[in-house]
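These figures come from a predicted structure and were not determined experimentally.
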Number of protein chains: 2
Amino acid sequence: MASAISTRPPGRPRTGVHAAVFAATLRTVHELGYARATVERIATAAGVAKTTIYRRWPSKGDLIVDCLLDAFGPASLEGASRAEIMSSAIHWIAAKIGEPGVGDAFAGVFSDAVSDPALREILSVRLQDPYRLALQDALGEPEDRVRFFTDVVVGTLLHRMGMTGAPMADTDVAALVGMVLPALQRGSHPF
Amino acid sequence: MASAISTRPPGRPRTGVHAAVFAATLRTVHELGYARATVERIATAAGVAKTTIYRRWPSKGDLIVDCLLDAFGPASLEGASRAEIMSSAIHWIAAKIGEPGVGDAFAGVFSDAVSDPALREILSVRLQDPYRLALQDALGEPEDRVRFFTDVVVGTLLHRMGMTGAPMADTDVAALVGMVLPALQRGSHPF
DNA sequence: AGGTATCGAAACCCACGGTAGCGAAAAACG
DNA sequence: CGTTTTTCGCTACCGTGGGTTTCGATACCT
């Protein structure tokens, strides 16, 4: 296969624009809300043409998911015991969702995904699955249980965000931890 | 104030169309999903003109909220103990969200509300507040606690619905109950 | 310089929420 | 019956936003 990789293709190279677009996305979503954060406005805020955005991301949903992946970064999942791991994971995702723009963007794509199976697939596979698999491994819990805990934690945080417009306060996050941990310890038979 | 009520106003009376529109709304949302359930399509499915819909409901959000109010009906909130009341409430809302069209409509309007403060107000005041107040009364719990439980229960159910496209299975609803009840019993200090 | 691929700008298409204007139909009243 | 009043369905329309197309300009490599 010829010289394969590492040979720079001919023509004008792409300008590195991901970082600027991600920053502009979060900033715009934070200032205007998800619905008013149009691709046009995001492009303008990033100092880039709308067409350039669509050359890199096939849809607004893909852009947001990539932006969230960049904002979340790798999961930490620290802790000596299963309880500590779960606790730190909840605090971690709550803090991330609390960052300006991140929560709005997350709730926004999730909303769009409800009636868009393709976007739902992207959201599920690219954003949630990696963290879910890491959690399964760290906790030694089966897939369904981790999915259940994910529904509870992320669902609660997003519902609060969606209804009040503000991220969940620390005391409530603590209450969430205090509610999930016993269920984790009890095992898979809460009856 | 003259003859006040009970005097029939002149002119052509309105055709009773609410029931047909509500049914058409749930059916259309169930078959096509929230995003494809346009007002135009709902009107056609109800055998009514789009303008007639907008003569009765100021926006699509109001229509959906009214439709959900009609579908939910009054809360039951039966049970001898606080635990039984909470348990029956969770099963009740889970069953309602599981009805064809209801969950999709709920998740859809919730999604729209994320970036639409006016719609969020409608959703909060007309749909959630009545049930929340009834729960506060029945459980004897303060507002913040009931809001927290609402976030957990509704958030979890909607997150599951949004990610999988299907309502939560009974065993998972039971697990949800098994997670919430101890927290309810523990009182407001889960530390 | 020549080849190639990207960039920005502008025009465009389409779907959808929501509005305006109109003639027709349905009731009440004389 | 005709007049009045209100609603009906229909069609045309507007604004916005996601996404595409086209085209000249520009940046890189050989």
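Going from atom CG of A:Asp62 over to atom C1' of D:dG19 covers 13 Å, rounded to whole Å. Regarding A:Tyr54, its OH atom lies at a distance of 6 Å from the P atom of D:dG18, rounded to whole Å. Between the CG atom of A:Asp116 and the P atom of D:dG18 there is a distance of 13 Å, rounded to whole Å. Per the geometry, CG belonging to A:Asp112 stands 11 Å off C1' belonging to D:dG18, to the nearest Å.
Under a 3.5 Å cut-off, the side chain of A:Ser124 and the backbone N or O of A:Arg120 do not form any donor-acceptor pair. Although no hydrogens or angles enter the test, the distance criterion places a donor-acceptor pair under 3.5 Å between the side chain of A:Ser111 and the main chain of A:Ala107.
Side-chain contact check for B:Trp57 versus B:Ile64: every heavy-atom pair is 4.5 Å or farther apart. Inter-residue side-chain proximity for A:Pro100 and A:Leu26 is flagged as unmet; no heavy-atom pair is nearer than 4.5 Å.
The environment of A:Arg56 atom CZ is dense: over 12 non-hydrogen atoms of other residues, nucleotides or ligands sit within 6.0 angstrom.
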Atom pairs under 3.5 Å: protein N/O with N/O of nucleotides 10-15 of chain D:
unit_1 : atom_1 : unit_2  : atom_2 : d
D:dC10 : N4     : B:Thr51 : OG1    : 3.1

N/O to N/O distances under 3.5 Å, protein versus nucleotides 2-6 of chain D:
unit_1 : atom_1 : unit_2  : atom_2 : d
D:dT6  : O2     : B:Arg12 : N      : 3.1

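Note on ring orientation: taking the six-membered ring where Trp is involved, the planes of B:Tyr131 and B:Trp92 are tilted (angle from 30° to 60°).
Residues of residues 17-39 of chain B having a heavy atom closer than 4.0 Å to DNA chain D: none are found.
Between A:Glu141 and A:Arg82 there is a salt bridge, with a side-chain nitrogen of the basic residue lying less than 4.0 Å from a carboxylate oxygen of the acidic one.
Partners of B:Asp137 under the side-chain hydrogen bond (donor to acceptor under 3.5 Å, both in side chains) rule, at least two apart in sequence or in another chain, do not exist in this structure. Remark: B:Arg126 engages B:Asp66 in a salt bridge (Lys or Arg N to Asp or Glu O under 4.0 Å) (not counting sequence neighbours).
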Considering only distance and modelled atom types, tabulate donor-acceptor pairs under 3.5 Å from the side chains of residues 158-169 of chain A, sequence neighbours left out.
unit_1   : atom_1 : unit_2   : atom_2 : d
A:His159 : ND1    : B:Asp151 : OD1    : 2.7
A:Arg160 : NE     : B:Asp151 : OD2    : 2.5
A:Arg160 : NH1    : A:Asp172 : OD2    : 3.2
A:Arg160 : NH2    : B:Asp151 : OD2    : 2.6
A:Thr164 : OG1    : A:Arg160 : O      : 2.8
A:Thr164 : OG1    : A:Ala166 : N      : 3.1
A:Thr164 : OG1    : A:Ala166 : O      : 3.0

